[in-house]
Amino acid sequence: MVQGVKISLFGNLILFLVKATALPFVNSLAILSDLGISCVALAISIILYYSIKLADKPADPFHNYGYSKVENVCEAMEGVVLIGIILAISVQAAMNFIHPKHTNMPWVGFICSIISVVINFIGAFYILGLAKKSSSPAIHAEGLHYRLEGFISLAIGISFIISIILRLNGLNKIDAFVDPVATLLVSFMLIFPSFNLARSAFFKLLDASIEESSKMEVIKLLGKYSHKYCDFRDLKSRSAGRKKFVELKLILPEDIPFKEGHALAIALEKDISRNISESEIMIKVEPCGKDCHYIQKNQRCPYL
Amino acid sequence: MQIKSLNDCNVVQMEEKLDALTSDEVEKALMGLIDNGAKRIVCVFELTEYISSAGLRVLLVVAKKLKKMGGELVLCSLKPLVYKVLDMAGFISIFKIFGSEEEALKSPQEK
């Protein structure tokens with residue numbers, strides 16, 4: 001996973017340098033906004049590098065549940081900063097509509113965009129693959145960001161092609177508006193993913209329950225073991241970074257030997273944690289109240 | 001949610017979606033029936049298009065409570081997608097499932 005972050009960091013550094021080099025030649029707002037996004041991405045990659053190391057630290061007396069929530073903090077920061085950039089570049093693009101200006105050397109802008117597209121899509125493919133293996137939400141957010149940047153650079157590249165075509169056809173007046181249109185398109189492409197990223201991260205920071213597929217695994221196993229316990233209660237779950245926490249109360253017959261009851265709880269815990277990666281399961285055992293119809297009718301308890 | 005009593009059975013027409021948003025209400029209604037002495041509940045899934053883990057949890061909890069009181073929970077009229085979800089969760093072997101409400105009402109109660 002640290003390897004993935006290093007690749008991401010290196011990729012973001014290259015992208016930053018390519019766009020920063022092209023900007024003085026091209027004088028494009030679209031390239032400037034893309035550079036802003038790369039700045040954020042680079043900063044987040046650096047923070048993510050240290051966050052992943054922190055998230056891997058074991059629990060200690062100060063953080064009894066570990067440090068894995070730091071990945072959700074990274075996710076949230078990325079979302080919020082991206083929203084800030086969207087607002088800033090949208091305002092600038094609106095001003096450029098009022099005072100339109102031409103970009104210089106659109107073919108340099110086009111080459112810069114194509115290099116960015118290649119790096120972004122290859123990076124996204126690799127990072128998303130790593131995220132799937134590691135179940136890391138922060139690495140997954142990085143992968144999505146890379147892919148999104150790829151589409152943004154593609155849109156900017158297309159706008160430079162349009163600019164070149166318009167200039168070749170002598171339509172210079174229209175050409176002045178291509179750059180702010182491309183910038184607004186970039187904002188539009190970023191707005192929903194950024195809000196979703198920030199929203200998802202904040203929900204997780206507020207201890208939202210684990211995703212549906214993991215909850216389904218827990219229910220499946222409770223169904224599988226249903227002939228061994230009287231009832232279950234207070235099923236809860238939450239996530240912190242990559243880690244998932246599940247807890248529940250298992251109601252067992254009052255007369256079950258302690259060892260047997262404990263062994264059942266451990267077996268269920270192990271089964272659940274085997275099916276949900278990076279999980280910590282806590283099952284508390286409680287005695288039944290001997291208030292079922294088996295006891296009332298002097299019948300044998302089916303769970304003993 | 002429609003509830004009716006027929007031949008010592010409580011027949012409950014389930015909602016279109018049985019998920020985290022509706023499961024609480026469904027659980028309350030079914031538990032209320034059990035607290036009022038219901039021994040056999042037939043859940044009709046004719047209108048149900050979607051069931052999530054929350055819905056499955058409700059079915060399991062209600063089945064457990066009914067069994068504790070000497071009763072049983074029976075499911076019927078499952079749409080293919082809902083049946084598939086129950087099958088994937090391994091619930092087909094836990095619950096009695098019938099093709100229609102009529103069949104479910106005719107079947108004898110397990111003692």
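Labels below follow one simple rule: chain letters A, B, ... track the order of the sequence lines, proteins then strands, and each chain is numbered from 1. Only this structure's heavy atoms are used, side chains among them; waters, hydrogens and symmetry mates stay out.
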Practice task
Apply side chain to side chain contact (heavy atoms under 4.5 Å, CB included) to the pair A/M216 and B/V85, showing each step before the final yes or no.
Solution key: CA-CA 10 Å; A/M216 192 59 92; B/V85 172; 3.9 Å; yes

Practice task
Determine the minimum heavy-atom distance between B/L60 and A/G223, stating which atoms define it.
Solution key: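 So the minimum-distance heavy-atom pair works out to CD2-N, 3.9 Å.
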
Fill in the blank from the handout: For B/M88 and A/K220, the nearest pair of non-hydrogen atoms, with its separation, is O-CE, 3.4 Å

Exercise for the section: Using a 4.5 Å cut-off on heavy atoms from C-beta on, say whether the side chain of A/F232 contacts that of B/R57. Expected result: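 Yes, close enough: below the 4.5 Å cut-off.
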
Practice task
Would you check if B/K67 and A/Y294 make a side-chain contact, meaning some heavy-atom pair closer than 4.5 Å?
Solution key: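 In short, these two side chains touch, coming nearer than 4.5 Å.
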
Is it the case that atom [atom1] in [X] sees more than 12 heavy atoms from other parts of the structure closer than 6.0 Å?
{"X": "A/R238", "atom1": "CZ", "answer": "yes"}
{"X": "B/K17", "atom1": "NZ", "answer": "no"}
{"X": "B/D8", "atom1": "CG", "answer": "no"}

Completion exercise
Applying a strict 4.5 Å limit to non-hydrogen atoms, the region of B/L56 in contact with chain A is both

Handout entry: A/H293 (side chain) donor-acceptor with B/G70 (main chain) under 3.5 angstrom
Key = yes

Handout entry: A/E212 side-chain N/O to B/S53 backbone N/O, donor-acceptor pair under 3.5 Å
Key = yes

Fill in the blank from the handout: The reported gap from NE2 in A/H227 to OG in B/S93 (rounded to nearest 0.5 angstrom) is 10.0 Å

Fill in the blank from the handout: So NZ of B/K64 and SG of A/C292: to nearest 0.5 Å the spacing works out to 11.0 Å

